[in-house]
Amino acid sequence: MRVNAECRFPLSQNAPHRSISISGTTFPAGLPGAATCDPLPDTAGSPSPADDYRGFGDFVANGWRFKHFFVNLHIQEQACALSARQSPQLSILFPFMDYNHQEIERRWQQYWRDNDIYKVSEDESRRKFYVLDMFPYPSGAGLHVGHPLGYIASDIYARFKRMQGFNVLHPMGYDAYGLPAEQYAIQTGQHPEKTTVDNIARYREQLEKIGFSFDWSREVRTCDPAYYHWTQWAFMQMFNSYYDLDVDKALPISELTARFAANGTEGVHAACGKPMSFTAAEWNAMSEKEQRDVLMNYRIAYQGETMVNWCPALGTVLANDEVSEGLSVRGGHPVEQKLMNQWCLRVSAYAPRLLRDLETVDWSDSLKETQRNWIGKSEGAEMKFAVDGKDLVLDIFTTRADTVFGVTFMVLAPESKYVALLTTPEQKAAVDAYLEEVKHKTERERQIDKKVSGVFTGSYAVNPLTGEKIPVWVSDYVLAGYGTGAIMAVPAHDSRDYAFARHFNLPVIPLIEGADVSEQSFDAKEGKMINSKGPGLDLNGLEVKDAIARTKKYIEEAGLGRVKTNYRLRDAIFSRQRYWGEPFPVYYKEGTAYLLDESELPLRLPPVSSYLPTEAGEPPLARAEGWTTKEGYPIEVCTMPGFAGSSAYYLRYMDPHNDKELVSRKADKYWRNVDLYVGGAEHATGHLIYSRFWNKFLYDLGLVVEAEPFRKLVNQGMIQGRSNFVYRIKNTNTFVSRGLRKDYDTTPIRVDISLVSNDVLDTERFRNWRPEFADAEFVLEDGKYICGYAVEKMSKSMFNVVNPDDIVERYGADTLRLYEMFLGPVEQSKPWDTNGIDGVNRFLKKLWGQFEKSDSDAEMTKEEKKSVHKLIKKVTADIENFSYNTSVSAFMITLNELIQQKSRSRRAMEVITRLLAPFAPHIAEEFWHRLGHEGSVVDAEWPEYDESALVEDTVKYPVSFNGKTRYMVEVAAAASKEDVEKAALSDPNAAKWLGDKAPRKVIVVPGRIVNVVI
RNA sequence: GCAGAAAUGGUGGAAUGGUAGACACGAGGGACUUAAAAUCCCUUGCCCGAUGAGGGCGUGUGGGUUCGAGUCCCACUUUCUGUACCA
């Protein structure tokens, strides 16, 4: 059937007349009953615009809403030969499709799944691009609107790159080992795996709804044996490697063993725990156990006695980055220092390379700076101070070698092994008492309580430059873990030493000319040296900088010490006394650690009867039955920390199903490393250090091709919650707005965010929500109760969590995606405010309407073309710069322009569809198909702009006088500077501003501005 | 303390040294509607002026460079983030 009747009818009296043509082409194909009018003969001619209508009703079918009109056609008889049974009154079902996000999003998500649209494989013919998000820990609370921010940003980039022709790897997975699941297990007895799997299912569902282009076939979970097989494997490689300082890379431990057997420690420069010296003969004479003990000092994954952060509440040790201000990052429990034998990773060996290679990556300056601080390179000197009357030498590290002449005492860390050696019998009681006191302080107490404390050991050291005797003290302001655990104290030029000296009445000798040290120390590294002359060295009169260099040179020549670079970065503690983590592929034979055979990987996490430590204080794995090798040797009962599984996951995504290797050579050579990594800045000192270390280690072994894992990194800001408050006058049931009125004595009460809209409280729902205030009175302003608010972290306990599911349900994923981008720059933290979401939702609805109106296949007009090409240029540049908020506004501007132009161009919509595809993939896919395309818009080509379309015929110049804009002149775009100047000055407005003066100077910036100086 | 980032309307924010406040929210007014919702139109930095024409002032504070500064330089204030007895 072919119907060719053009009908015009008003949708409402005021709305512009809208015409539809009833024919096979305008009705989307396949719609049932698109036009249920009686069969019409071919008709020609048009009805008059004044055709009246009567009666209408809506009904919905297949997601389309139909309006039912009866139209009285006023068609000229001769133009339309109607037969007797055909009424001049035509019944039309006008398909009136609202923007139905639920329908559209469901349909296209299904289409993407069914057609494996986001599945990628290595394709040598195309250039690769790897876009990665930091994978989430699947917590029980699910996602809130803050989580997807980074995922949306990276998804836009991934889709953009794909449309530009790149083969884009964009995977997602789960960092599934972690404390919350285990804590939950302890409370409920439920296996953490169950909790984790449930949470992952929830996350997956939430993520799917937002329309990400993840290749889910590559999903990884760190708790999956097929995955942690390779975590354990990597650990084994580290156990079997040492760090050679001469070639500056990791080498197989077998090479070290061979060198020991041939030459002993002679000529070996390797990173180690404590310096060792032995001959080949001594080595060869050692028992296997002794040899293995020696090797443990060199392995990259090693077991060592170290001061660790022990968290009694969690029953485990923690890495430095898992502790903040003396409290555990997870849970906020107090942390103590404790000497324990633990597995460690020799990350410190990589400190120089971790620092140096920061220059090769495209990360933000602030993030690089954070890493630099954490690595903490400091150049100075290690100096020897002999102990008076004893055959002992104290090594100290200092960056201020120039201040040796001002050393008036020395300080040992309480944990230093020298404390026992230097304490004299007379002082023993006092020192022991002090050590006892310090031991019972937690790290937190030590930090909060900055009171000066310490005790004299009774011994004296000898200043190597002056020969003077100086007392040696013990104090907890000196850290055992940094430098040598001993310092030379220069109270005149170090504030901590100064405080200590004043407290214990020790002398203060100023060394810099003009420095007033009567009230405080002079810490600046500037000025001329005084009081600095000894038998072998005279620094007087030198600038501090030169004095430092001079002293370093002198002590090296005189054998008093050496130039040394210290790093703050310490080895990573790799054991956790917990259940929910990767087991170590390690067993113990006569107390010595051995690796399992690789063929036994993965070593599966065994079931246990309880997730608590044993009575004997051993970790939960000690409860596992048969936790031994076949031969009956006990297996390690600690598990690996959270960062173990997250350190190389980006490699596993390249080849996730490989059961022979972590990643195949081929896949690694193709995908290489991550081109764009998006995640939170909170991982700056943990994950990003460990991951870089891990990668460099694998790189040294020739297992991966890139020295840095993450080429470009973007930190998305945090989305904060907006907490709402109501204010109750004390001891009454009356609430007042905002709490701004100081005459009321008010107490803020938190209100769930769902009860508040535009700061206005739904008082009725509030009464239901908090039944104890069921009969509350509200003092209204203009009939409304206005809540107060505060911007805080988004958290359940603050009643400010906004769930993305609710937003998706109500507005759609495309709206959520656009809105999160529209909120502001991705890197910036900002509070979530659902109120603004209507703006982008309206934009999509308007765009939808514009699409429906677009029925012209003609070339774009000049105006249309200019609008559209301006948009191509803007959006392309914005995506490259991660400036997504301005992209969204550019879309809005273009749409407004097209509406203004009364555009009906399908070509314009076609370009906009492509540009919008990365941002709002569902609606774009819908448009794409309705425009008649077969495949997915995901593979549409990214449009290029035509510079000539952007050229203006005329340019409007603002004319300013002495920098103040006064009026505009319009001149031809081709006008010369002189012409522009002439136009500006001959404008009728000119006289008013020039007055009787002549312009001194006229500045014309082509295309920009005219400034007249008078 | 140190390091980094930032400070622009009622709000989120925009602005290669060149018309400050794009875009959006909110607010006010109007149209449509029996009504509401939705939608559409207008106004919206502050002050003076009459509601007009017009003018003045405005990007945390104070100075500077420049024909011209939100943007560059110096000093300061405040906020956020990270980090800390690191010798």
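In this text, all values refer to a predicted model and were calculated from it rather than measured experimentally. Quick note on labels: first sequence line is chain A, next is B, and so on, each numbered from 1.
A donor and an acceptor atom sit less than 3.5 Å apart, one in the side chain of A/Arg1008 and one in the base of B/U16.
If you take CG of A/Asn1011 and P of B/G17, they are 18 Å apart, rounded to a whole angstrom. Following rounding to the nearest Å, A/Met821 (CE) and B/A14 (P) show an atom-to-atom distance of 13 Å. Rounded to an integer number of Å, the gap from CG of A/Asn885 to P of B/A15 is 7 Å.
For the pair A/Asn896 and B/A24, the criterion of a side-chain N or O lying under 4.0 Å from OP1 or OP2 is met. A sub-4.0 Å separation between OP1 or OP2 of B/G56 and a side-chain N or O of A/Arg966 is present. The phosphate of B/G12 has neither OP1 nor OP2 within less than 4.0 Å of any side-chain N or O from A/Asn835. For the OP1/OP2 pair of B/U19 and a distance below 4.0 Å, the side-chain nitrogens and oxygens of A/Tyr957 include no atom meeting the criterion. Remark: A/Arg842 is in phosphate contact with B/C25, judged by side-chain N or O atoms under 4.0 Å from OP1 or OP2. Residue A/Gln828 places at least one side-chain N or O closer than 4.0 Å to OP1 or OP2 of B/G13.
Rounded to whole Å, the P atom of B/C46 lies 16 Å from the corresponding atom of B/G58. Rounded to whole Å, the separation between the C1' atoms of B/C76 and B/G21 comes to 27 Å. Spacing of C1' atoms, B/G13 relative to B/C23, comes out at 8 Å, to the nearest Å. Across the P atoms, B/G18 and B/A69 are found 11 Å apart, a figure rounded to whole Å. The C1' atoms of B/U8 and B/C57 are separated by 15 Å, rounded to the nearest whole Å. Here the separation of B/G60 from B/G9, taken at their P atoms, is 8 Å to the nearest Å.
Closest to the side chain of A/Thr965, out of B/A20, B/C67, B/C86, is B/A20. Side-chain atoms of A/Thr370 lie closest to B/G82 of the nucleotides B/A3, B/A38, B/G82. In this structure, the nucleotide among B/G26, B/U19, B/G18 sitting nearest to the side chain of A/Asp838 is B/G26. Set against B/U19, B/C67, B/A84, the side chain of A/Pro958 has B/U19 as its closest nucleotide. Comparing atom distances between the A/Trp374 side chain and each of B/A87, B/A24, B/A84 picks out B/A84 as nearest. Of the candidates B/G26, B/C23, B/G68, the closest approach to any side-chain atom of A/Phe822 belongs to B/C23. The A/Arg496 side chain lies nearest to B/C86 when the options are B/C86, B/A14, B/A20. When distances are taken from the side chain of A/Met892 to each of B/A14, B/A20, B/A24, the shortest belongs to B/A24.
The local environment of NZ in A/Lys384 is sparse, with at most 12 non-hydrogen atoms from other residues, nucleotides or ligands closer than 6.0 Å.
When heavy atoms are screened at a 4.0 angstrom cut-off, A/Ile487 is found touching base atoms of the nucleic acid. Looking at heavy-atom distances under 4.0 Å, A/Lys846 makes contact with sugar-phosphate atoms alone, never a base. Residue-level contact check: A/Ile1003 touches the bases, meaning some heavy atom is under 4.0 Å from a base atom. Residue A/Trp993 is classed as a sugar-phosphate contact, given heavy-atom separations below 4.0 Å to backbone atoms only.
A/Asn881 and A/Ser883 share no donor-acceptor pair across their side chains, judged by distance under 3.5 Å alone. Of the N and O atoms on the side chains of A/Asn1011 and A/Ser960, at least one donor lies less than 3.5 Å from an acceptor on the other residue.
Nucleotide B/G82 carries an anti base; the chi torsion (O4'-C1'-N9-C4 or O4'-C1'-N1-C2) is more than 90° from 0.
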